[in-house]
Undergrad: 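One structure follows; several queries about it will come next.
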Number of protein chains: 2
Amino acid sequence: MSTSRCTIREVARAAGVSISTVSLVLNNKGKVSEATRRRVLQAARELGYVPLRAARDLSMQRTGNVGFVLREDHFTRSEPFYTYIFLGTEFEARLHNLYVLLTTIPDDYHKGEHTPRFLRERSVDGLLIAGKVSDAFLDEVRAMKLPAVLIDYEAEGLPAVVIDNQGGARVAVEHLIRQGHQRIAFIGADLQHPSIAHRLEGYRIALGRIGRSMDPALVLIEPEAEPTRATGQLLGQRLLALAERPTAAFCANDALALGVMETLLQNGLRVPDDIALVGFDDVQSAAQAPVPLTSVRVFKEQLGELAMRHLVERMTPDPARRPYARGQHMIVVPCELVVRASSIR
Amino acid sequence: MSTSRCTIREVARAAGVSISTVSLVLNNKGKVSEATRRRVLQAARELGYVPLRAARDLSMQRTGNVGFVLREDHFTRSEPFYTYIFLGTEFEARLHNLYVLLTTIPDDYHKGEHTPRFLRERSVDGLLIAGKVSDAFLDEVRAMKLPAVLIDYEAEGLPAVVIDNQGGARVAVEHLIRQGHQRIAFIGADLQHPSIAHRLEGYRIALGRIGRSMDPALVLIEPEAEPTRATGQLLGQRLLALAERPTAAFCANDALALGVMETLLQNGLRVPDDIALVGFDDVQSAAQAPVPLTSVRVFKEQLGELAMRHLVERMTPDPARRPYARGQHMIVVPCELVVRASSIR
DNA sequence: CCCCGCTTTTACAACGTTGCCTTCGTTTAT
DNA sequence: ATAAACGAAGGCAACGTTGTAAAAGCGGGG
């Protein structure tokens, strides 16, 4: 097996046919007799022919790449949440013969200055955007009229693949209710984030189903803060300071839950005996926490896979397709409750 | 600004010159009069001309991509060590107009079955390999004669960018010595890994400098295990079981150190009072540990940057270059000790 | 025997660059 | 004054693939 490239021309000569025929066979197009098809395939295999991407792309007027964009702080945070989503997209990309170009954008995105290179150079056929990103960036994407799919985030006019945040939250809270809890707090942050808003909504609905409404005193939120461990510690303090302490808390994500747990344990409270905790995302460290954390598992690779699959669909031209509106074209991926020590008596 | 592509032809017509001239100007090649150069640049800017990658690549007989390979378990572990390295390579790639294709390979790599797609399709001009990977993979890479650079790993015949493991370890142990410790343990795993072997060597040298030799009883190693938190917990147990306990331990990495710390604290020992701990890598959770961990900071982005820079050098053809031998062409990146509570009295 | 429709195959022009070679002026050396 | 040298710009053939339009082959019916 030689290391040098072999061109379609050589395959054609070896098979005794024209270049066009080779192309037709290799792409399963047009009508080619079975005999010729076999001869071509044979020759291609023997010569170890692999079409040159640049040539094919040039001819097909496409790039063969899709971009994967996420905020740098999301990519580098200690929990490989988006990393798994990326791997899911990568896996699906193989099936469609696409390459994924991963790039991060800064938290405080400014158009132009921070525009990903592959957008400037127009060397992607489509775009995946993971997690919350700045509106400035989304505006830019919309203006480019490039097929794009959001993952784990929502925005007007763009299709999205999202977690069933509301359903997951409902199941989590219903679990706490089944464990006999009456006073269940909600711990949250950044209400702008649709996922968090939906999780809060799930909490409300679960309470509603047993005929209760939300007690504002038990809804502890730092609306402007990111949902991090540090914010969780802060909210843990506020939880401790409450006059009438709840017996359980549903946290909008695991980072918050772990922060709360840390504060509680440091202040001598027991989990779950004094306060039961449930998180969301089922990150790696959830299972390894001092008290293993009950959480809602999210199928991250699947999110990526579905997003890529949908993007590919959008990338194949179809003039009859209409633009998206919010709420439409939302692919919702189910999640599942994982019960651990932090919530069972 | 139109969204449709504009070709070099249109720029040429707008500037009133030939296509060749436009190409020369845009690539800073050949001799072009200042007047024409300005006119071309002007026209290109006005039309928003961006060369089409596929066309350029086809013409230049290159792909414009480099591959970044690492083991899946390295990529998805909770510490974004390799993620930062990747970001470093990405940053440097921009300066050279290259795209980085990131892909993971499984832990138990088998040639063919697991060969990264971009290698099969030969659509990278060079390869970066981060962290320890299977020899089978390295053999395949060597056989391809594709320019490649290892990062944070070493192997015969391939250039590598590595951490100053030995120097860092030495500084860490010397710090413990300065703190008055006499009995200092070494906690390690996977001795096959060059980094760990070098860190052990640094430990030995630091002791040697004050006229001591390694006490075998204090060198706790799980030679076959991965250097993970779980292994650290295990070694923590062995540390506790020692007849004469050391007063300090230098751990081959932070994961091990955090595992040891967890075990020590759970068994009622105090850090650093009973046993001082120092790790290596300065991962995010080091600073957030129950007792903030002294560690050796590694400049991860820099590792990536240097590797990419070196790879680019290797990618530009130069017939006079000779193959690499182990030990040669090793780029060593310095690191620095970060002192925290886990090691100061 | 020729023409007609059908299937299979081929030739050829893109696609947008780059690199080499030529051409055309202009200056400099002889 | 003429030849040589030089600098600037242009023409053209790759690069490897695809898609299209046209050609070739092939029976069968008139």
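Order of the sequence lines sets the chain letters (A, B, ...), proteins ahead of strands, with each chain counted from 1.
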Undergrad: Nearest to the side chain of B:A55, which nucleotide is it out of C:dG16, D:dT18, D:dG16?
TA: C:dG16
Undergrad: Consider the side chain of B:K29, meaning its heavy atoms from C-beta on, and name the nucleotide among C:dG19, C:dT17, D:dT18 that approaches it most closely.
TA: C:dG19
Undergrad: Which part of the nucleic acid does A:N27 contact within heavy-atom distance under 4.0 Å: base, sugar-phosphate only, or nothing?
TA: sugar-phosphate
Undergrad: When you measure from the side-chain N and O atoms of B:R56 to the phosphate of C:dT18, is any distance below 4.0 Å, counting only OP1 and OP2?
TA: yes
Undergrad: Does A:S18 make a side-chain N or O approach to OP1 or OP2 of C:dT10 shorter than 4.0 Å?
TA: yes
Undergrad: So, is B:T7 near the phosphate of C:dG16, with a side-chain N or O under 4.0 Å from OP1 or OP2?
TA: no
Undergrad: For A:L58, report the nucleic acid contact type (base, sugar-phosphate, nothing); a contact means any heavy atom under 4.0 Å.
TA: base
Undergrad: Just checking A:T21: base, sugar-phosphate only, or nothing, at a heavy-atom cut-off of under 4.0 Å?
TA: base
Undergrad: Regarding B:L24, tell me which of base, sugar-phosphate or nothing describes its non-hydrogen contacts under 4.0 Å with the strands shown.
TA: nothing
Undergrad: Has A:T36 got a side-chain N or O lying under 4.0 Å from the OP1 or OP2 atom of C:dT9?
TA: yes
Undergrad: OP1, OP2 of C:dT8 versus side-chain N and O of A:S33: anything below 4.0 Å?
TA: no
Undergrad: By the 4.0 Å heavy-atom rule, please label B:S20 as base, sugar-phosphate, or nothing.
TA: base
Undergrad: Go nucleotide by nucleotide along DNA chain D from the 5' end; which of B:V17 and B:M60 gets its closest nucleotide reached first?
TA: B:V17
